[in-house]
Amino acid sequence: MSDRVSYVYAVVREADGLQEAVGGTTGVAGAPVRLLPLTGGDGLLLAVSAVPSEDFREEALKQHLEDLRWLESVARAHHAVIEELSARTTVLPLRLATVYLDDERATNALDAQSEILARRLSHLAAHVEWGVKIYVESSAAPAPGPVEPAGSEELSPGRAYLRTRKAQRTVRDTAHRSARTAAERIEEAGRRYAADRARHRVQQGELATAPGENVLNDAYLVARDRAEAFRDEVSRAADDLDGVRVELTGPWAPYSFATPPDTAGAAESPRAEGPAAATGFAGPAGSGARAAAAHPDTPAGTERGTEQ
């Protein structure tokens, strides 16, 4: 068995100067990035690197996927390649750690999907992804006030406690209503300016590194010439709302829209034969490291697997 396997970053459309630009690019494990033509026509290319098989065999990969430091390193390298490519051409990002035993198997597997891939690239041309999150601020729930002494003529300690809890619930409920208002405004902006939307799970647990409670985690596919208007409107969605924060990130390569909803089974990057298996994001909101693969420079990233 070879000591190298083929790591596939993306399918791209050929563009002037692309081969020369990619010539000096390195990716996962510091390996040079190469472009391989698909035989299906339409000028489709695979962006690949030869990476150590010892790190990407099935059993080793299972262990690495639990190692957040290793996974973040791979994720950042993967993302850097995608961003380099997307600055020059339309990119269809593949899942993190999509590997094949060799270049021939990679091209054969993706050649079988060339028509679907070409259609998807046409849909994504001249579009970028924007991530939108809404947070209910932790400051929206006031700290409990001092409990009055037991001998107080106004309130007993028990009643003072219940009054404080009621006030906290009222403030929290108000903040959540404000968050719904912000979400409605963002959805309206999406209807005006976006070509598509992907809903992701809200960030909780180890993903919830940003302050506040994440109550919305969406991605929008927006034409480049409409991006400024979309960004300006979304960034103002919570301006007059207390206890709510909107976080807008991008523009990114269209990670959330790489797989069309009606062909999810066919368009997923296929698993390689043998021990080198293709592995993808499980969910910009799955695990923290998987999220970092999509947007490593955003707080906690977002989960880049479109949920329907």
Apply side-chain contact (heavy atoms from CB on, under 4.5 Å) to residues K62 and E66 and explain how you reach the verdict. CA-CA 7 Å; K62 286 179 180 178; E66 301 302 320; over 6 Å; no
Under the salt bridge (charged side-chain N to carboxylate O under 4.0 Å, His left out) rule, what do R4 and D103 come out as? Steps first, then yes or no, please. CA-CA 10 Å; R4 295 276 165 174; D103 289 352; over 6 Å; no
Run V246 and D239 through side-chain contact (heavy atoms from CB on, under 4.5 Å) and show every step you take. CA-CA 9 Å; V246 172; D239 278 359; over 6 Å; no
Could you check L44 against E14 for side-chain contact (heavy atoms from CB on, under 4.5 Å), going step by step and ending with a plain yes or no? CA-CA 6 Å; L44 302 188; E14 194 169 12; over 6 Å; no
For E129 and Y220, what are the C-alpha separation, side-chain angles and deciding distance, and is it a side-chain contact (heavy atoms from CB on, under 4.5 Å)? CA-CA 6 Å; E129 176 172 327; Y220 286 88; over 6 Å; no
Before giving the answer on salt bridge (charged side-chain N to carboxylate O under 4.0 Å, His left out), spell out for E184 and R180 the whole-Å C-alpha distance, their side-chain angles and the decisive distance to 0.1 Å. CA-CA 6 Å; E184 290 167 359; R180 285 193 292 273; over 6 Å; no
I would like to know whether K133 and D218 meet salt bridge (charged side-chain N to carboxylate O under 4.0 Å, His left out); could you show each step before the answer? CA-CA 6 Å; K133 300 184 185 73; D218 286 355; over 6 Å; no
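Below 30°, between 30° and 60°, or above 60°: for H123 and H127 the angle between ring planes is below 30°, a parallel geometry. Ring orientation note: the planes of F230 and Y193 are nearly perpendicular, at an angle over 60° on the 30°/60° scale.
Side-chain contact, S53 with D3: no donor N or O sits under 3.5 Å from an acceptor N or O. Under 3.5 Å, the side chains of H64 and D55 contain a donor-acceptor pair of N or O atoms. With hydrogens and angles left out, the side-chain atoms of T98 and Y7 include no donor and acceptor closer than 3.5 Å. Checked by atom type, the side-chain pair R177/T174 shows a donor-acceptor distance below 3.5 Å. Using modelled atom types, one finds no donor on one side chain facing an acceptor on the other under 3.5 Å when comparing D102 with S6.
A50 approaches A31 most closely through the heavy-atom pair O-CB, 3.4 Å. The two residues I134 and A179 have their closest heavy-atom pair at CD1-O, 3.8 Å.
R197 CZ to E187 CD: the interatomic distance, rounded to the nearest 0.5 Å, is 4.5 Å.
The aromatic ring centroids of F56 and W70 lie less than 6.0 Å from each other.
Of the charged side-chain nitrogens involved, none lies within less than 4.0 Å of a carboxylate oxygen, so that E72 and R69 do not count as a salt-bridged pair.
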For residues 15-30, dump all side-chain donor-acceptor pairs below 3.5 Å to protein atoms at least two apart in sequence or in another chain.
none

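Judged by a 6.0 Å distance limit and a 45° cone about the ring axis, R105 is not positioned over the six-membered ring of Y100.
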